[in-house]
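Okay, so here's the structure we're looking at.
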Amino acid sequence: MTEVRASGRRRFLRILLLLLAAYGLWLVFQWLRYGQPPRGGEKADPLEVVGVYHIHTRHSDGAGEPETIARKAARQGLDFVIFTDHGNPNPAALSLRKRQGSLLVLAGSEISVNRGHLVALGFEVPPQPFSSQAEEAALQVSRSGGFTVIAHPYSKVRWSWGEHAGYRGIEILSGDTMLRSNWARALPSLPLLLFAHRLPLLRLLAYPERNLRRWDELCRSHTVYAFFSCDAHLLYGPLLSLLHLHVLLPRPLPEDYPEARTMINTALREGRFYNCVAAAAPGHGFRFWGESGQGRIAMGGTAELTPDTLLHIRVPESAASQWRLLRDGEPVLNSEQKTQAYLPLQTGVFRVEVFLRERTYLSPDCPWILSNPIFFRNKTT
Ligand SMILES: [Zn+2]
Ligand SMILES: [Zn+2]
């Protein structure tokens, strides 16, 4: 009897070992197949700076010291980070605004309001706390020289939609939201976090359909920009490499901190930036602009549609990709060309989604690059 039990146990152990070995081999295969992202071949452009938005530090519910996080960001070659600790506003976090080596540390605050969480950026510290009423808070932030972004509208603390009160942005992909809703997808590849952290993180990302639909809806009547949001509370090193904002500047960033900070905030407020899942492939060099007899229309801009207006799209050479141009949320052009022009015949809100066609851990339907829109409005609106 004892012998039968012992041989049964041995068989069980053998099967377990075989399964573990198979799992180990699968992990190694994933690492070999997907471990190296496509390398960026684009030349460094001083008019394109890259940063990460929405990071919590120990000044609210984040686990990290701000200086340590900033050092990690600088090591990854980022140009700026934006700390957004909770508070109405958070004075300790706001005091972090400075230059740390080559890195610009910007800070705003994630305000808890009656409709959800609202991120306030680029404002001067007000004499009084911001209101807990969303509409009032948005107005106060803008009076203090800043602007607001609706945070994680469909997760954690959800946004309850009311009259649009001039919010300038909406989070479309959020690291924290994806972790909460898609953790099971990343579970099998979790051990890769130790030596190829990009892979389980990329597995978390899925097509943010509700956010995109809501954004398109808002854009019909308002000027609202898309933000990829890190919303990091820990695991800063890996998360800083996941979602990047590429800000396009009219001239290179100056040494002077207040001036450089203003330039980045102005570009974010005016939508002169695009979003990239950088852990999948570096996205330098994407461009989306309009041209007409009246001049150039920057991404984020609003213009009147004239018969000679052309939209131009340029996608990075560094990775195989496919992209689509959308008008009011509906695709009007699909392409694999690296550069292309499009003649818009009707007014509307035009934006671009780029999808990777490389061997990647990023779900093929999740946009690798998301542009901000160009708005062609009717004269009367
Ligand atoms: Zn939040
Ligand atoms: Zn947050």
Side-chain angles (χ1 to χ4, degrees), residues 51-66 68-70 72-73 78 80-97 105-123 129-138 140-141 146-162 165 167-183 201 204-205 208 210-211 214-215 224-245 265 268 275 277:
V52 171
Y53 150 80
H54 201 146
I55 302 166
H56 293 275
T57 76
R58 66 164 180 81
H59 289 305
S60 65
D61 55 354
E65 287 292 331
T68 318
I69 303 168
K72 285 182 182 181
L78 292 171
F80 68 91
V81 289
I82 307 178
F83 292 134
T84 54
D85 277 304
H86 297 280
N88 279 18
N90 184 318
L94 294 176
S95 71
L96 302 169
R97 293 169 168 176
V105 178
L106 279 67
S109 290
E110 187 169 4
I111 311 174
S112 297
V113 290
N114 61 328
R115 295 198 177 282
H117 286 178
L118 190 62
V119 175
L121 299 173
F123 57 88
F130 292 126
S131 169
S132 60
Q133 300 298 302
E135 290 78 7
E136 183 62 20
Q140 289 168 339
V141 172
F147 58 99
T148 47
V149 179
I150 296 170
H152 46 74
Y154 292 107
S155 162
K156 208 163 49 174
V157 181
R158 285 176 174 236
W159 188 258
S160 68
W161 305 91
Y167 316 113
R168 210 55 167 158
I170 179 173
E171 292 184 0
I172 298 294
L173 268 185
S174 154
D176 190 67
T177 301
M178 291 290 161
L179 186 68
R180 282 164 196 271
S181 42
N182 299 335
W183 59 269
L201 289 177
L204 293 172
L205 304 180
R210 286 181 87 180
N211 302 46
R214 174 61 78 164
W215 178 40
V224 184
Y225 301 122
F227 283 74
F228 278 4
S229 154
C230 183
D231 210 351
H233 296 78
L234 70 172
L235 282 179
Y236 296 98
L239 282 171
L240 285 169
S241 70
L242 186 63
L243 302 171
H244 289 174
L245 307 188
N265 281 329
L268 294 176
N275 302 275
V277 181

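Order of listing sets the numbers, starting from 1, for every ligand and every atom in it.
- Within Glu110, the N, O or S atom lying nearest to the Zn ion (ligand 2) carries the name OE1.
- Taking the six-membered ring where tryptophan is involved, the planes of Trp161 and Tyr154 are tilted, since the angle between them lies from 30° to 60°.
- For the pair Thr57 (side chain) and His59 (backbone), a donor-acceptor distance under 3.5 Å is present.
- If you look at His56 and ask which of its N, O or S atoms sits nearest the Zn ion (ligand 2), the answer is NE2.
- Rounding to 10 degrees, one finds that the Zn ion (ligand 1) sits at the corner of an angle of 100° between His117 ND1 and His152 NE2.
- For the Zn ion (ligand 2), the N/O/S atoms of His233 include none lying under 2.8 Å.
- Shown here is Trp183, whose CH2 atom has no more than 12 heavy atoms of other residues, nucleotides or ligands within 6.0 Å.
- Residue Asp231 approaches the Zn ion (ligand 2) most closely through its N/O/S atom OD1.
- The distance from atom CG of Asn275 to atom CD1 of Ile172, rounded to the nearest 0.5 Å, is 8.0 Å.
- Classification of the His54-His152 ring pair by plane angle, with boundaries at 30° and 60°, yields tilted.
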